[in-house]
Structures are given as C-alpha cells and as structure tokens.
Amino acid sequence: MTTRPDPHQRTAESMIATALEMDPELLSFAPELLADLDALGADVPLIVSTVAGLGDSRDATIVDLGSGKGAAAIALARTLGCAVHGIELFEPFVHTARDAAEAAGVSDRCRFTHGDIVQLAGTLPPADVAVFAALGDVLGPLEVTVGILRRYVRPGGHIVINDSCRRDGSTATFPGFEHCVTLAETRPRLTAHGDELVAELLETNDESTEDGPTEPDVIAARAAELARRNPELAEKLRAFVDDQRAEYEHLDAHMLGVVWVLRRH
Ligand SMILES: C[S@@+](CC[C@H](N)C(=O)[O-])C[C@H]1O[C@@H](n2cnc3c(N)ncnc32)[C@H](O)[C@@H]1O
C-alpha cells in the first residue's frame with residue numbers, strides 16, 4: 001500500500017488534484033472537462049435511499065464532505081427535505097453547486113461552503129449524518145479518514161461512506177486505488193474508533209449495461225474540444241482521458257462500489 005502524506009501537510013491543490021485524479025496543470029479546466037457530470041463518483045440514488053433508511057430524516061442535519069458539484073447534497077435536500085451543508089475545497093465547484101441548488105429549488109435548505117474538511121473538522125455544530133463520497137484515501141488511510149469524519153457527527157449520528165473495495169480474489173492494482181482492500185479487510189478499519197458498522201450496501205453496476213455514452217466518453221468529448229482550443233495541453237488531456245477509461249475498466253472488473261454506514265459511539 002502506498003501511503004499518502006499527512007493531509008495536514010498537503011496543499012489544497014494537491015488534495016483536489018488527487019481527488020479528481022487530475023494533473024494539477026489541468027485543474028483550471030476541470031469545470032469544463034467534467035461539465036456533463038453532476039455526480040463525480042458518488043452513487044447518489046444509493047446514498048439517498050441509505051440516508052432515508054436511517055429514520056426520520058426531514059429534521060436531520062447532514063454534512064456532505066467533499067461535496068463536488070453538489071449532486072448528493074441537492075438530491076438529499078430535495079428528496080428528504082432535510083438541511084444539507086456541503087463543504088468543498090475546489091471553489092469553482094462551490095459556485096456550480098450553489099447554482100444547481102438554486103435551480104433545483106432547494107437553496108433554502110442546501111448550502112455550500114468553500115473549505116477544507118481537514119481544517120474544518122471539529123469546528124461546526126455536530127450533524128446527524130456526515131456523507132463522504134468518492135474521495136478515496138485523500139484524507140489518509142481509512143482509520144485516519146474515519147477519525148476526521150466522526151468529528152462532524154454527534155454521538156449516535158451516522159457516517160455514510162461511499163467508496164470502492166477490492167473484489168475477493170482480485171489482485172489487480174490501479175493508481176489511486178492502492179488503499180482498497182476486500183470487504184472483510186475494510187470492516188475493522190471502519191470500526192477502529194469503536195463505531196458500529198450498521199449497514200454495508202453494494203452498488204449495482206447499471207451504467208455498464210446501459211446504452212449511450214459512458215462517463216469516459218463524455219469526458220473525452222470535452223477533452224477533444226479543449227485540446228482543439230489549447231493544443232499545448234493535448235498530451236495531458238489525452239493522458240487524462242486514457243486514465244479515466246482504464247480506471248473505468250478496472251472498477252468494473254476488479255472493484256465493488258460500496259456504501260458503508262457507521263453509527264458513531
Ligand atoms: C471525486 S470528487 C467527489 C465529489 C462528490 N462527493 C461527488 O461524488 O459528486 C472529490 C471532491 O473532493 C474535493 N476535496 C478533496 N479534498 C478536499 C478537502 N480536503 N476538503 C474539501 N473537499 C475536498 C475535491 O475538490 C473534489 O471535488
């Protein structure tokens with residue numbers, strides 16, 4: 001397993017680039033490259049149904065940590081009627097999320113803050129639920145990540161983590177997924193702080209069986225247009241698209257998408 005540096009020591013740019021699996025030089029183009037995607041890895045329907053299953057969520061307060069363009073936060077506010085606070089380090093996405101919340105008619109109960117979830121941990125009123133979707137090991141190993149996430153949640157509240165784990169028997173590795181282990185190996189890491197694992201839900205891989213363009217396809221179309229206008233970036237853009245395609249295949253063949261729910265002790 002490769003160990004990422006202490007998240008307190010990392011720059012904002014490196015955390016964003018790592019989370020988006022993007023060369024830092026491409027970051028200023030991320031809004032355009034990812035313009036056709038709302039969710040940036042989160043399984044939004046599964047997160048919404050999971051949070052709905054936790055009980056009366058209408059009065060719940062939820063934080064979405066690393067909220068990206070706001071897809072999960074907005075869906076939670078719209079579907080469950082609860083108050084959601086998204087925190088996101090990449091400022092352009094904060095603006096996109098605010099506009100999307102406005103367009104969805106939920107800006108009265110869904111707000112977005114530009115900030116670093118490592119720095120802000122422990123500074124906000126504890127929420128009922130913290131969602132952490134598709135950030136992988138950006139904050140460090142899973143035990144360290146859970147230690148940060150639980151500082152956002154009241155005792156008895158829930159932590160909802162959406163990430164990948166390795167399929168049993170698979171030994172294939174892929175850059176950025178070195179931290180992933182099997183379901184059985186993940187469980188003790190999740191509960192290292194004494195929290196209770198109350199649910200473990202597997203994503204269904206509907207997208208690969210659907211007709212129409214895949215996520216790498218829509219990214220590739222945006223990248224081609226960007227490369228046409230910025231020929232000096234063509235090589236980096238091509239590499240990004242190739243990586244996205246390879247990652248998509250790796251996820252499909254070797255990984256399971258999972259939503260875990262912890263009840264904080
Ligand atoms: C792959 S995206 C997932 C976004 C969202 N959860 C979703 O699934 O649509 C990861 C996001 O985490 C953000 N991020 C990375 N490090 C962060 C930090 N320390 N604090 C807040 N956001 C962070 C990145 O900027 C990026 O938008």
Side-chain angles (χ1 to χ4, degrees), residues 4-24 26-48 50-51 62-77 84-98 100-101 104 110-124 129-140 144-145 147-149 151-152 159-164 175-177 179-180 203 207 215-216 218-219 240 243-244 247-248 251 257-259:
R4 296 198 196 275
D6 178 346
H8 291 93
Q9 309 299 325
R10 296 179 62 192
T11 64
E13 184 187 68
S14 81
M15 290 185 109
I16 297 164
T18 302
L20 294 176
E21 296 144 356
M22 202 174 270
D23 186 315
L26 292 181
L27 272 189
S28 58
F29 301 98
E32 182 170 344
L33 273 172
L34 304 175
D36 302 308
L37 308 177
D38 292 330
L40 303 175
D43 185 331
V44 174
L46 186 55
I47 290 171
V48 171
T50 300
V51 175
I62 301 181
V63 282
D64 183 9
L65 303 171
S67 48
K69 296 162 75 172
I74 291 167
L76 286 163
V84 189
H85 181 188
I87 302 174
E88 167 57 46
L89 192 52
F90 188 49
E91 197 165 11
F93 286 172
V94 177
H95 298 299
T96 306
R98 285 179 186 149
C110 188
R111 67 194 172 97
F112 294 92
T113 297
H114 176 221
D116 180 342
I117 56 178
V118 179
Q119 305 297 335
L120 289 173
T123 68
L124 302 175
V129 180
V131 173
F132 182 76
L135 279 82
D137 66 343
V138 169
L139 307 188
V144 174
T145 300
I148 294 169
L149 303 183
R151 300 185 68 200
Y152 283 92
I159 301 166
V160 175
I161 299 175
N162 186 192
D163 195 8
S164 300
F177 291 85
H179 66 287
C180 295
E203 293 181 16
E207 201 191 344
E215 290 187 3
V218 299
I219 293 171
F240 177 65
D243 286 350
Q244 290 290 305
E247 177 186 318
Y248 192 79
L251 284 169
V258 189
V259 168

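All ligand and atom numbering here is 1-based and tracks the order in the structure.
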Exercise. Relative to the ring of H179, is the ring of F177 parallel (under 30°), tilted (30 to 60°) or perpendicular (over 60°)?
Worked result: parallel

Seminar exercise, completed: Residues P216 and Q244: closest non-hydrogen pair is CG-O, 4.0 Å

Problem set entry | Pairwise distance CG(L135) to CG(L20) - rounded to 0.5 angstrom | 8.5 Å

For this session: List for me each residue that meets salt bridge (charged side-chain N to carboxylate O under 4.0 Å, His left out) alongside E91, sequence neighbours excluded, and say none if there are none.
Result: none

For this session: Check the surroundings of atom CZ in R111: do more than 12 heavy atoms from other residues, nucleotides or ligands lie under 6.0 Å from it?
Result: no

Problem set entry | Amino acids contacting ligand 1, non-hydrogen cut-off under 4.0 Å | M15, I16, A19, L20, A39, L40, G41, A42, G66, S67, G68, E88, L89, F90, F93, G115, D116, I117, A133, A134, L135, V138

For this session: With the side chain counted from C-beta on, respond yes when M15 and V118 share a heavy-atom pair under 4.5 Å apart, and no when they do not.
Result: yes

